[in-house]
Protein chains: 2
Amino acid sequence: MEEQALSILRDHGLSVTTVRKGILDVFLKTGQALSHSDLEGQASGQLDRVTVYRTLQAFVGKGIIHVIPTSDNSLRYALCRDACVDGHHHDRHVHFICHHCGKATCINQLDVPSVRLPRGYRMQEVSMVVHGVCPNCD
Amino acid sequence: MEEQALSILRDHGLSVTTVRKGILDVFLKTGQALSHSDLEGQASGQLDRVTVYRTLQAFVGKGIIHVIPTSDNSLRYALCRDACVDGHHHDRHVHFICHHCGKATCINQLDVPSVRLPRGYRMQEVSMVVHGVCPNCD
DNA sequence: ATGATTCTGCAACTCTGTTGCAAATTTAGT
DNA sequence: ACTAAATTTGCAACAGAGTTGCAGAATCAT
């Protein structure tokens, strides 16, 4: 686990620090998509809000995590499955958010179906988010 | 235009006020998906922030407008195309957000493709948002 | 080990969104 | 058209989310 976090940081050209390893560990342990405030609470030892913001930004920029927009206006972040090159994310899977427990999950088995946009539109990223009730809460 | 706003309000059982007609007019005129701050600026005469929030909430609740989540953490709102019953939205179309001009558009011609979730997940709402460059900015 | 670079945490600030309340407006009944 | 009840508005005050600048601490490369 510790090792995994370390190599993720190295592989993406980020310097290895306690905070970054800590935050990555939370992602690795929970396997969930987490909000900013989730992280502030869960990571061992109190984290500075500002540092969390900047760390998440760095991770997104390097393609370590991706952003999941939700209709309740609270962004979630989740580990990228495969190698995401800097800036360009290949996370074309569906995301699920449970109305009951609030947990956000990557449905890795389910890719976002491709759509054909009307003439003139150029597509860069797609996101598909399903809201509903998850297996645990049903 | 004026008439249209008025009948929308009546049809959804909301009392008719200057503010509500004004906000609806902006939606009708622009035909775009607007953020909260778009509205604060655009509506004729200065609007109180709080009133705009409450008006949008009321409209969403009554099915007059729907919410579009974006990955830059700013919700957009857009008129519902058809009759949306209270609370239950039938806006299953794809949304597009331009990275260049920032405008959000409903692609009414394009329905969100249906997906089959893994066993145990119960689906309530789906949203599909495409980020890219729109015809005007290309 | 050391200097250069990067990261962290603090303070202070802005922006976003919410709540309570009194005055103004709208609605419905007569 | 008038009035009472209900709803809406705008203000003030607040809570939370997110940003910026900077000095000290940690990390990296040599």
Side-chain angles (χ1 to χ4, degrees), chain A residues 2-3 5-26 33-62 64-65 67-77 86 102 104, chain B residues 2-3 5-26 33-62 64-65 67-77 86 102 104:
Chain A
E2 270 288 316
E3 274 309 312
L6 201 142
S7 65
I8 290 177
L9 289 172
R10 288 253 166 77
D11 290 353
H12 290 84
L14 286 173
S15 44
V16 178
T17 69
T18 315
V19 175
R20 286 177 178 168
K21 272 189 294 184
I23 291 182
L24 265 184
D25 277 345
V26 177
L34 303 168
S35 68
H36 174 93
S37 57
D38 288 340
L39 284 166
E40 258 192 273
Q42 290 204 33
S44 57
Q46 294 303 359
L47 288 177
D48 184 55
R49 281 177 346 103
V50 180
T51 305
V52 176
Y53 281 116
R54 290 197 267 228
T55 304
L56 290 175
Q57 273 176 21
F59 286 3
V60 171
K62 292 292 184 182
I64 297 177
I65 59 177
V67 181
I68 307 161
T70 76
S71 42
D72 67 346
N73 212 12
S74 73
L75 295 182
R76 310 301 179 91
Y77 302 86
D86 291 13
Chain B
E2 270 289 316
E3 274 309 312
L6 200 142
S7 64
I8 291 177
L9 289 173
R10 288 254 166 77
D11 290 352
H12 290 86
L14 286 173
S15 43
V16 178
T17 70
T18 315
V19 175
R20 287 177 178 168
K21 271 190 294 185
I23 291 181
L24 264 184
D25 277 346
V26 178
L34 304 169
S35 68
H36 174 93
S37 56
D38 289 339
L39 284 166
E40 258 192 272
Q42 290 203 33
S44 58
Q46 295 302 2
L47 289 177
D48 184 55
R49 279 172 354 100
V50 180
T51 305
V52 175
Y53 280 114
R54 290 197 266 227
T55 305
L56 290 175
Q57 274 176 20
F59 285 5
V60 171
K62 292 292 184 180
I64 297 178
I65 60 178
V67 181
I68 307 160
T70 77
S71 40
D72 66 346
N73 212 12
S74 72
L75 295 182
R76 309 302 180 91
Y77 301 86
D86 291 13

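Numbers restart at 1 for each chain; the letters A, B, ... are given by sequence-line order, proteins then strands.
- Heavy atoms of B:Arg20 sit under 4.0 angstrom from primed sugar atoms or phosphate atoms, though from no base atom.
- As rounded to whole Å, 15 Å separates atom C1' of C:dT25 from atom CG of B:Leu9.
- Listed pair B:Asn73 / D:dA17 fails the phosphate criterion, with no side-chain N or O lying under 4.0 Å from OP1 or OP2.
- A residue-by-residue look at A:Leu14 and B:Val50 shows that A:Leu14 has its nearest nucleotide of DNA chain C further toward the 5' end.
- Rounded to whole angstrom, the span from the CZ atom of B:Arg54 across to the P atom of D:dG10 amounts to 10 Å.
- Counting only heavy atoms from C-beta outward, the side chains of A:Arg20 and A:Leu24 never approach each other to under 4.5 Å.
- For C:dT18, the OP1/OP2 oxygens have a side-chain nitrogen or oxygen of B:Gln57 closer than 4.0 Å.
- Distance from the side chain of A:Asp48 is smallest to C:dC10 among D:dC11, C:dC10, C:dT27.
- Across all strands shown, B:Thr51 has heavy atoms under 4.0 Å from base atoms, whether or not it also approaches the sugar-phosphate.
- Among the protein residues, A:Val19 comes within range of the sugar-phosphate backbone only, with heavy atoms under 4.0 Å from sugar or phosphate atoms but none that close to a base.
- Of all non-hydrogen atoms in B:Ile68 and B:Ala33, the two that sit nearest each other are CD1-CB, 3.6 Å.
- Taking both residues in full, the closest heavy atoms of B:Gln46 and B:Glu40 are given as OE1-O, 3.8 Å, listed atom of the first, atom of the second, then distance.
- The distance from atom CG of B:Asp72 to atom C1' of D:dA17 is 15 Å, rounded to the nearest whole Å.
- At C:dT6, none of the side-chain N or O atoms of A:Thr17 fall inside 4.0 Å of OP1 or OP2 (strictly under the cut-off).
- Residues B:Asp38 and B:Tyr77 form no side-chain contact, since every pair of their non-hydrogen atoms from C-beta on lies 4.5 Å or further apart.
- Side-chain N/O atoms of B:Ser15 include one lying less than 4.0 angstrom from OP1 or OP2 on D:dT8.
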